[in-house]
Protein chains: 2
Amino acid sequence: MQISSRFSVAVHVLSLLALQQEDDVLLTSERMAGSVNTNPVVIRRILGQLKKAGLVEVRPASGGTFLTRRPADISLLAVYRAVEVVAEGHLFSVHDKPNPACPVGRNIQAALDDTLQRAQTAMEQVLAGATLQHVTTDILAKTAATG
Amino acid sequence: MQISSRFSVAVHVLSLLALQQEDDVLLTSERMAGSVNTNPVVIRRILGQLKKAGLVEVRPASGGTFLTRRPADISLLAVYRAVEVVAEGHLFSVHDKPNPACPVGRNIQAALDDTLQRAQTAMEQVLAGATLQHVTTDILAKTAATG
DNA sequence: CTTTTTGTAACTATCGTGGTTACACTGCTA
DNA sequence: TAGCAGTGTAACCACGATAGTTACAAAAAG
């Protein structure tokens, strides 16, 4: 099982917002959906989560959507947490209720927990070290290169 | 979405095998299921994957199951790979088919790929650094401590 | 007041998981 | 060699998450 694409869609949407021109046409959920190639409702749902996390501000009516911070101040970990693709601290699921009458069953959870936690943290630290700025810079570089 | 418990069950089963006494009663899928607290078929399915990965040897009939290597030579990453909880190199799923007519849509996948790959690798490196031996040692220590 | 867009609810299809039953096959053992 | 304990697997089910879709009320801006 993989981590939901909500995360990559969220980064995509935030990149669009980060690169949006002041004088450009407003970025509606419909336009974003066009770039992501999905349904506007899917975008609005994710936008709702990003809003709840304080990453974006959405103006209802014919308003538009904007970042609340500079791209350099938005880490991919913040986005990852915002869309809740993985419940905090539970990347790995461990079978609950092993048999307490067995030494292994009684202690396996505790014996595994430390390692799994470290594995998860190692992954998240990489996300913490990357920002939306890095992504958009990369996109601009690639756009310039390939036309 | 989390990583399947197949992984933790596999480590549980391997721990049972590692700690099994020579003169002990044979570890059947039924007994292991008793310790994990699940159905024997679930155990057999996982044993099948561990066997395919060359981590255990299973003697059909009234045979029993054994590790093919010493616990110190079985990394948790090998177990993780064996049970295929995550397709190799694809911990994160990225939305396919973004709009190629949009600069962001055209380059988001490549722009994200490097970071996501590093995040995944960081996680796997922690698993690579832990062995079945570490787990069983920990279990024995906890068993001795709590009785 | 009309128009545009957001916010949500509700429903759907699809997929992975984990549990369960059923049964053929294997190989020891009496 | 017949019996039987245990494995290997197929088939099916229930459950939950995902992602897509339709529908519509609520919000503002003109």
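What you see is a predicted model; the values in this text were computed from it and never measured. Letters go in sequence order (proteins before strands), and every chain restarts at 1. Just the heavy atoms: all of them, side chains too, but no hydrogens, waters or symmetry mates, feed the values below.
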Quick check on [N]: is either OP1 or OP2 less than 4.0 Å from any side-chain nitrogen or oxygen of [X]?
X       : N      : answer
B/Lys51 : D/dT7  : no
B/Ser29 : D/dT7  : yes
B/Ser5  : C/dG18 : yes
A/Ser4  : D/dA19 : yes

How would you list, by chain and number, every residue that makes a side chain to side chain donor-acceptor pair (under 3.5 Å) with [X], sequence neighbours excluded?
X        : value
B/Thr115 : none
A/Arg69  : none
B/Asp113 : none
B/Ser8   : A/His95

Length of the line joining [X]:[atom1] and [N]:[atom2], which is rounded to integer Å:
X       : N      : atom1 : atom2 : value
A/Ile43 : C/dT5  : CD1   : C1'   : 14 Å
B/Met32 : C/dG19 : CE    : C1'   : 18 Å
B/Ile3  : C/dG16 : CD1   : P     : 16 Å
B/Gln2  : D/dC15 : CD    : C1'   : 14 Å
B/Ile46 : D/dT7  : CD1   : C1'   : 15 Å
B/Arg6  : C/dG16 : CZ    : C1'   : 8 Å
A/Asp96 : C/dG19 : CG    : P     : 9 Å
B/Met1  : C/dT17 : CE    : P     : 9 Å

Nearest nucleotide by nearest heavy atom, which residue falls closer to the 5' end of DNA chain C, A/Glu30 or B/Glu84?
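Mapping each residue to its closest nucleotide by heavy atoms, the 5'-most match is A/Glu30.
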
Map A/Arg44 and B/Val85 onto DNA chain C by nearest heavy atom, then report which one ends up closer to the 5' terminus.
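Per heavy-atom nearest nucleotide, the more 5' residue is A/Arg44.
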
Considering residues at least two apart in sequence or located in another chain, which fulfil the salt bridge (Lys or Arg N to Asp or Glu O under 4.0 Å) criterion with B/Glu30?
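Per chain and number, B/Glu30 pairs via salt bridge (Lys or Arg N to Asp or Glu O under 4.0 Å) with no residue.
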
Which residue pairs satisfy the salt bridge (charged side-chain N to carboxylate O under 4.0 Å, His left out) criterion with at least one member in residues 119-138 of chain A, sequence neighbours excluded?
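Qualifying pairs: A/Arg81-A/Glu124, A/Asp138-A/Lys142.
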
Take B/Leu91 and B/Met123, measure what side-chain contact (heavy atoms from CB on, under 4.5 Å) needs, and give me the verdict at the end.
CA-CA 10 Å; B/Leu91 175 58; B/Met123 187 271 275; 3.9 Å; yes

Set of residues satisfying side chain to side chain contact (heavy atoms under 4.5 Å, CB included) with respect to B/Glu84, sequence neighbours excluded:
B/Gln49

Show each protein N/O and nucleotides 25-30 of chain C N/O combination with a separation under 3.5 Å, one pair to a line.
none

B/Gln20 side chain to B/Thr65 main-chain N or O, any donor-acceptor pair under 3.5 Å?
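At least one qualifying donor-acceptor pair exists.
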
The bend of the helix from C/dC1-D/dG30 to C/dA30-D/dT1, taken between the axes of its five terminal pairs at each end and rounded to 10°, is 10°

Which pairs pass side chain to side chain donor-acceptor pair (under 3.5 Å) with one or both residues in residues 35-44 of chain B, sequence neighbours excluded?
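Pairs touching residues 35-44 of chain B that pass the test: B/His12-B/Ser35, B/Ser29-B/Arg44.
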
N/O contacts under 3.5 Å, protein versus nucleotides 20-22 of chain D?
from   : atom 1 : to      : atom 2 : distance (Å)
D/dG20 : OP2    : A/Thr38 : OG1    : 2.6
D/dG20 : N7     : A/Arg45 : NH2    : 2.8
D/dT21 : OP2    : A/Asn39 : ND2    : 3.3
D/dT21 : O4     : A/Arg45 : NH1    : 3.4

Can you list everything that forms a ring-ring contact (aromatic ring centres under 6.0 Å, His included) with A/Phe7? Sequence neighbours excluded, please.
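For A/Phe7 the ring-ring contact (aromatic ring centres under 6.0 Å, His included) partners, ignoring immediate neighbours, are A/Tyr80, B/Phe92.
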
Check whether the side chains of A/Thr131 and A/Asp73 place a donor and an acceptor atom closer than 3.5 Å, and report yes or no.
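Distance-only check fails for A/Thr131 and A/Asp73.
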
